[in-house]
Amino acid sequence: GESVGLHLPTLSVQEGDNSIINCAYSNSASDYFIWYKQESGKGPQFIIDIRSNMDKRQGQRVTVLLNKTVKHLSLQIAATQPGDSAVYFCAETGGGGADGLTFGKGTHLIIQP
Amino acid sequence: DAGITQSPRHKVTETGTPVTLRCHQTENHRYMYWYRQDPGHGLRLIHYSYGVKDTDKGEVSDGYSVSRSKTEDFLLTLESATSSQTSVYFCAISEQEQRAAFFGQGTRLTVV
């Protein structure tokens, strides 16, 4: 079936470096994508979103890139900080309807001092 | 947490007992969702609501029912809890279709 997944379950980066978290999706009808951050014991927190008519969107220290040709999404975090340690999920929806988001399984970002 | 309150935050119950989880929002958002989160499966949609008394099934709806009698409350009921329903349950709300959903803090349910 259609699914959204992540390439790496764990990513370890040095504090101050840039982090890149990747996501592949398979539903060609997907037209809206979101990145969430989840800290231990908390609910997912919205980071940034992008629609399929865009290929890049920037927020504060974060950038999302969308490559529809290869169905790939990435989240770039600049100057990674200890507070960025969390699990990051990509999610997608599309094809109309209100039937929620399809989530990837998550990447655990670990910040090394 | 975007004005979302889940209750209870933790619950331990016995197999075969009914359980109801409550999600309360103060944002007046139309759409509400229940997800479960399990290791290796990520977040999966159980049921969702697109208005008062309007609900529909998600990916993993078997064994669950929902009700939404007013905009601010969305209830998830396990009619007869099973050990496979041990999970962390998240409620989410969304203002419109095709928009980001905002999540509550979750309810950790253990069925023994």
Side-chain angles (χ1 to χ4, degrees), chain A residues 1-10 21 23-25 27 29-54 57 59 62 64 73 75 86-108, chain B residues 1-7 9-10 21 23 25 27 29-51 54-61 66 68 74 76 87-108:
Chain A
E2 302 286 4
S3 65
V4 175
L6 292 166
H7 294 305
L8 296 172
T10 302
I21 302 171
C23 179
Y25 66 95
N27 185 355
S30 297
D31 58 8
Y32 179 58
F33 305 87
I34 309 166
W35 280 101
Y36 285 93
K37 172 186 180 183
Q38 187 176 25
E39 296 172 286
S40 181
K42 297 184 177 181
Q45 177 186 1
F46 172 85
I47 301 173
I48 192 168
D49 59 359
I50 188 168
R51 297 202 174 274
S52 60
N53 60 353
M54 303 173 68
R57 190 169 188 214
V62 295
V64 56
L73 190 69
L75 176 70
V87 176
Y88 290 81
F89 295 94
C90 63
E92 58 88 14
T93 187
D99 55 348
L101 300 165
T102 299
F103 283 83
K105 290 183 173 52
T107 292
H108 187 192
Chain B
D1 295 318
I4 307 169
T5 304
Q6 290 186 231
S7 58
R9 292 293 313 280
H10 302 272
L21 308 183
C23 178
Q25 61 146 330
E27 305 295 324
H29 284 357
R30 178 180 175 187
Y31 300 93
M32 299 186 75
Y33 308 87
W34 276 107
Y35 289 86
R36 62 177 289 174
Q37 186 173 36
D38 305 288
H41 291 280
L43 284 145
R44 294 179 291 173
L45 182 66
I46 305 171
H47 281 280
Y48 63 98
S49 169
Y50 46 97
D54 291 324
T55 66
D56 207 344
K57 296 178 180 180
E59 178 188 355
V60 291
S61 61
V66 290
R68 191 168 178 201
F74 193 31
L76 177 70
S87 187
V88 180
Y89 292 85
F90 287 100
C91 173
I93 64 173
S94 179
E95 189 173 15
Q96 298 179 20
E97 294 179 40
Q98 306 295 303
R99 289 288 181 92
F102 296 92
F103 285 79
Q105 290 281 53
T107 294
R108 181 173 294 277

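Per chain, numbering begins at 1; letters A, B, ... match sequence-line order.
By the 30° and 60° cut-offs, the orientation of the rings of Phe46(A) relative to Phe102(B) is tilted.
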Note to self: With side chain to side chain contact (heavy atoms under 4.5 Å, CB included) as the criterion, how do Tyr33(B) and Leu101(A) come out once you've worked through the C-alpha distance, each side chain's angles and the decisive distance to 0.1 Å?
What the structure shows: CA-CA 10 Å; Tyr33(B) 308 87; Leu101(A) 300 165; over 6 Å; no
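When every heavy atom of Ala100(B) is checked against every heavy atom of Ile34(A), the shortest pair comes out as CA-CD1, 3.5 Å.
Only the side chain of Gln37(B) comes within less than 4.5 Å of a heavy atom in chain A; its backbone stays farther off. Neither the backbone nor the side chain of Gln45(A) has a heavy atom closer than 4.5 Å to any heavy atom of chain B. In this structure, chain B has no heavy atom under 4.5 Å from any part of Phe33(A).
Annotation: Arg108(B), atom CZ; neighbour count of heavy atoms from other residues, nucleotides and ligands within 6.0 Å does not exceed 12.
Considering OH of Tyr36(A) and CZ of Phe103(B), their distance stands at 5.0 Å, rounded to 0.5 Å.
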